[in-house]
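Structure, as structure tokens:
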Amino acid sequence: MIQNVGNHLRRGFASMFSNRTSRKSISHPESGDAPTMAEGEGYRNPTEVQMSQLVLPCHTNHRGELSIGQLLKWIDTTACLSAERHAGCPCVTASMDDIYFDHTISVGQVVNIKAKVNRAFNSSMEVGIQVVSEDLCSEKQWSVCKALATFVAHRELSKVKLKQVIPLTEEEKTEHGVAAERRRMRLVYADTIKDLLTHCVIQDDLDKDCSNMVPAEKTRVESVELVLPPHANHQGNTFGGQIMAWMENVATIAASRLCHAHPTLKAIEMFHFRGPSQVGDRLVLKAIVNNAFKHSMEVGVCVEAYRQEAETQRRHINSAFMTFVVLDKDDQPQKLPWIRPQPGEGERRYREASARKKIRLDRKYLVSCKQAEVALSVPWDPSNQVYLSYYNVSSLKTLMAKDNWVLSVEISEVRLYILEEDFLSFHLEMVVNVDAAQVFQLLSDLRRRPEWDKHYRSVELVQQVDEDDAIYHVISPALSGNTKPQDFVILASRRKPCDNGDPYVIALRSVTLPTHHETPEYQRGETLCSGFCLWREGDQMTKVSYYNQATPGFLNYVTTNVSGLSSEFYNTFKACESFLLDNRNDLAPSLQTL
């Protein structure tokens with residue numbers, strides 16, 4: 001059950017399932033029974049809020065394009081209204097994730113913003129935002145950006161416990177499932193930067209020729225704003241969108257001082273709101289170019305608040321990092337001058353900017369990989385481990401949320417489903433009389449997989465990345481017609497439920513390691529997306545679901561007979577059930593932490 005499961009299907013096998021009865025959606029405990037209107041044209045997410053704004057000259061910059069600051073105000077307003085629609089009480093912006101601007105918006109065009117709550121946690125919620133521009137004359141539309149914001153519900157006299165979001169459509173189920181993993185990634189972001197600086201060599205170029213460098217201090221900007229009633233939201237706090245607009249303004253000035261031109265904002269990395277401010281506060285906004293690369297520069301911005309001039313201590317309430325480019329007449333990025341940081345704190349910001357750039361490039365590679373065109377195994381290193389783990393888990397949850405699984409066969413309460421999309425995927429399902437935490441503990445240690453899966457000959461733990469992620473080297477027996485056994489280098493990411501109704505997750509995918517190159521002894525195999533989702537079905541009962549997304553190489557080993565495949569899966573899954581039943585009593589001490 002890696003990517004080769006002994007008796008496989010042959011290449012043309014997928015079409016054999018096309019006439020089978022399709023189940024539009026598979027019922028999972030976390031999604032509930034979806035009303036039929038969820039699939040129809042009349043369905044609309046109850047938390048969805050839409051805003052449309054005509055771009056007027058007063059909204060634009062010197063190029064006649066909508067200023068990013070104004071756009072951020074509209075985005076924050078729309079997202080806040082969506083959050084408050086779900087919470088039923090006032091909400092404040094806690095953060096806004098990375099935003100990449102793909103298209104500018106001209107005067108006279110319309111901005112359409114759509115926001116909806118993807119998932120609610122205890123008192124916070126993730127809101128997904130989409131921005132599209134529209135030309136009213138040509139009726140053309142362009143995607144401008146997407147964003148994810150975190151809002152916190154707030155009541156004066158009582159603690160807020162948010163109701164759960166019930167996802168109905170495939171898209172909603174996917175966003176709901178992945179939101180927990182994104183939340184986890186936000187919480188460890190600062191540690192990720194520290195680890196990267198500690199354990200990796202970052203090319204910082206501090207030793208290059210200083211004669212053509214611009215001192216970073218020349219780009220420094222400091223500006224103060226007095227918070228007036230028009231700047232406050234309906235709760236009396238400074239409007240988050242207004243603070244973001246002020247931050248964008250000082251960042252643009254800092255970038256201009258380096259390039260002596262009009263820069264274009266291409267990306268914002270994590271607006272983080274550390275605390276509120278109110279009408280009457282003075283906000284001090286500071287910006288400086290942290291680092292300049294060949295065609296882009298990073299500007300760091302922070303916001304401090306104080307109440308009266310006599311106050312000696314300021315409150316740090318916000319920070320963000322913004323990436324600018326300078327475009328020529330053909331909209332191509334121009335080469336930028338190098339930056340010379342100040343010793344001490346300036347050099348720290350300089351190196352952290354290089355680390356953030358490396359993370360962005362690694363993440364961009366992971367997101368942009370077209371599975372049919374690139375190697376399925378992604379290089380593993382500390383700079384991309386957080387994002388690779390994230391995409392490992394989110395890929396499995398996305399596969400799980402698909403609506404068009406087809407029930408192929410059922411043998412003794414073991415069900416085999418098939419999904420035909422870009423890749424052929426399999427989903428097996430059974431219920432076992434073992435507690436979900438015990439199943440999770442037994443299946444998440446791949447070193448025990450050979451005890452029940454004959455397609456795993458041996459498993460070696462190569463690296464224990466952290467408590468929840470590990471890398472294994474797996475050796476599988478030779479397939480029929482091949483003399484060499486196969487080997488795999490697999491990242492295993494395990495996740496406990498974030499909330500009631502969530503499954504335990506064990507996600508598997510191939511990675512490459514410099515310590516484990518392909519060798520003549522083995523034929524290197526790859527797994528794109530596979531793993532287990534485990535749901536509690538009651539006292540001491542667990543629904544075990546196994547998913548496997550077939551790679552192109554997988555289809556080379558397919559058998560001609562569907563019943564043979566079904567029998568192979570069935571026998572392996574029944575062996576798994578016996579393994580779980582035989583070993584369920586050996587884990588009592590270790591289960592106290594689950």
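These numbers were taken from a predicted model, which means no experiment stands behind them. Residues take their numbers from the sequence shown, with the count starting at 1. For the numbers below, each heavy atom of this structure counts, side chains included, while hydrogens, waters and symmetry mates do not.
Contact detail for Ser425 and Leu399: the closest heavy-atom pair is OG-CD1, 3.7 Å. Across Ala292 and Pro337, no two heavy atoms sit closer than the pair CB-O, 3.3 Å. The heavy-atom pair separating Ala245 from Gly69 by the smallest distance is CB-O, 3.5 Å. Contact record, Phe121 with Ala179: CZ-O, 4.0 Å, taken as the closest heavy-atom pair. For Ala147 against Ile99, the heavy-atom pair with the smallest separation is CB-CG1, 3.9 Å. When all heavy atoms of Ala120 and Met125 are compared, the pair lying nearest together is CA-CB, 3.9 Å.
In this structure, the side chains of Asp76 and Phe151 come closer than 4.5 Å at one or more pairs of heavy atoms. For the pair Val224 and Leu226, the minimum side-chain heavy-atom distance is 4.5 Å or more. Considering only heavy atoms from C-beta on, His316 comes within 4.5 Å of Cys302 through its side chain. With a 4.5 Å cut-off on side-chain heavy atoms, Ser95 and Met270 count as touching. Residues Phe273 and Met244 form a side-chain contact, since some pair of their non-hydrogen atoms from C-beta on lies under 4.5 Å apart. Looking at heavy atoms from C-beta onward, Lys266 lies out of side-chain contact with Ser296 at the 4.5 angstrom threshold. At a threshold of 4.5 Å between non-hydrogen side-chain atoms, the residues Tyr391 and Arg509 do not count as touching. Counting heavy atoms from C-beta outward, Arg257 and Arg220 have side chains that stay 4.5 Å or more apart.
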CA sep, side-chain torsions, deciding dist, call: Glu304, Lys286, salt bridge (charged side-chain N to carboxylate O under 4.0 Å, His left out): CA-CA 8 Å; Glu304 297 173 341; Lys286 300 178 180 180; 3.5 Å; yes

Derivation and outcome, side chain to side chain contact (heavy atoms under 4.5 Å, CB included), residues Ser133 and Val55: CA-CA 10 Å; Ser133 63; Val55 179; over 6 Å; no

Verdict with reasoning, Trp246 to His231, per side chain to side chain contact (heavy atoms under 4.5 Å, CB included): CA-CA 11 Å; Trp246 283 335; His231 303 140; 3.7 Å; yes

Test side chain to side chain contact (heavy atoms under 4.5 Å, CB included) applied to Tyr387 and Met185, step by step: CA-CA 8 Å; Tyr387 293 98; Met185 194 166 57; 3.3 Å; yes

Side chain to side chain donor-acceptor pair (under 3.5 Å) between Asp281 and Thr238, worked out: CA-CA 9 Å; Asp281 279 349; Thr238 313; 5.5 Å; no

CA sep, side-chain torsions, deciding dist, call: Leu66, Val144, side chain to side chain contact (heavy atoms under 4.5 Å, CB included): CA-CA 11 Å; Leu66 174 65; Val144 176; over 6 Å; no

Distance-only check: which donor-acceptor pairs under 3.5 Å involve side-chain atoms of residues 322-336, not counting sequence neighbours?
unit_1, atom_1, unit_2, atom_2, d
Asp328, OD1, Asp330, N, 2.9
Asp328, OD1, Asp331, N, 3.1
Asp328, OD1, Gln332, N, 2.8

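With hydrogens and angles disregarded, a donor-acceptor distance shorter than 3.5 Å links the side chain of Ser82 to the backbone of Thr47. The backbone N or O of Ser395 sits nowhere less than 3.5 Å from a side-chain atom of Asn392 that would complete a donor-acceptor pair. Counting only distance, with no hydrogens or angles, the side chain of Gln70 and the backbone of Ser67 share no donor-acceptor pair below 3.5 Å. Listed for the Thr219 side chain is no donor-acceptor partner under 3.5 Å among the backbone atoms of Leu258. Using a distance-only test at 3.5 Å, with no hydrogens or angles considered, a donor-acceptor pair links the side chain of Arg119 to the main chain of His176. Looking at Arg282, its side chain never comes within 3.5 Å of a backbone N or O of Glu225 through a donor-acceptor pair. Between the side chain of Glu48 and the backbone N or O of Lys116 there is no donor-acceptor pair closer than 3.5 Å.
Distance check, rounded to the nearest 0.5 Å: CG of Asp98 to NZ of Lys146 gives 14.5 Å. Within the model, atoms CG of Leu265 and CG of Leu72 stand 8.0 Å from one another, a figure rounded to the nearest 0.5 Å. Atom NE2 of His262 sits about 9.0 Å away from atom CG of Asn61, to the nearest 0.5 Å. We find the CE-CG distance between Met96 and Asn318 to be 10.5 Å, quoted to the nearest 0.5 Å. How far CD1 of Ile68 is from CG of Asn249: 13.0 Å, rounded to the nearest 0.5 Å. Here Asn290 contributes atom CG and Glu345 contributes atom CD; the two are 10.5 Å apart, rounded to the nearest 0.5 Å.
For the ring pair (Phe, Tyr, Trp, His ring centres under 6.0 Å) test, no residue two or more places apart in sequence or in another chain qualifies with His154. Not counting sequence neighbours, His295 has no partner by the ring pair (Phe, Tyr, Trp, His ring centres under 6.0 Å) test. Residues passing the side-chain contact (heavy atoms from CB on, under 4.5 Å) test with Ser143: none are found, sequence neighbours excluded. Trp74 is linked by a ring pair (Phe, Tyr, Trp, His ring centres under 6.0 Å) to His59, counting only residues two or more places apart in sequence or in another chain.
When each of Ile288, Asn291, Val289 is checked for a side-chain contact (heavy atoms from CB on, under 4.5 Å) with Arg349, only Ile288 meets the rule.
Between Glu170 and Lys173 there is no salt bridge, since no side-chain nitrogen of the basic residue lies less than 4.0 Å from a carboxylate oxygen of the acidic one.
A donor-acceptor contact closer than 3.5 angstrom is absent between the side chains of Gln385 and Ser389.
Residue pairs meeting the salt bridge (charged side-chain N to carboxylate O under 4.0 Å, His left out) criterion with at least one partner in residues 125-144, sequence neighbours excluded, are Glu126-Arg182, Glu126-Arg186.
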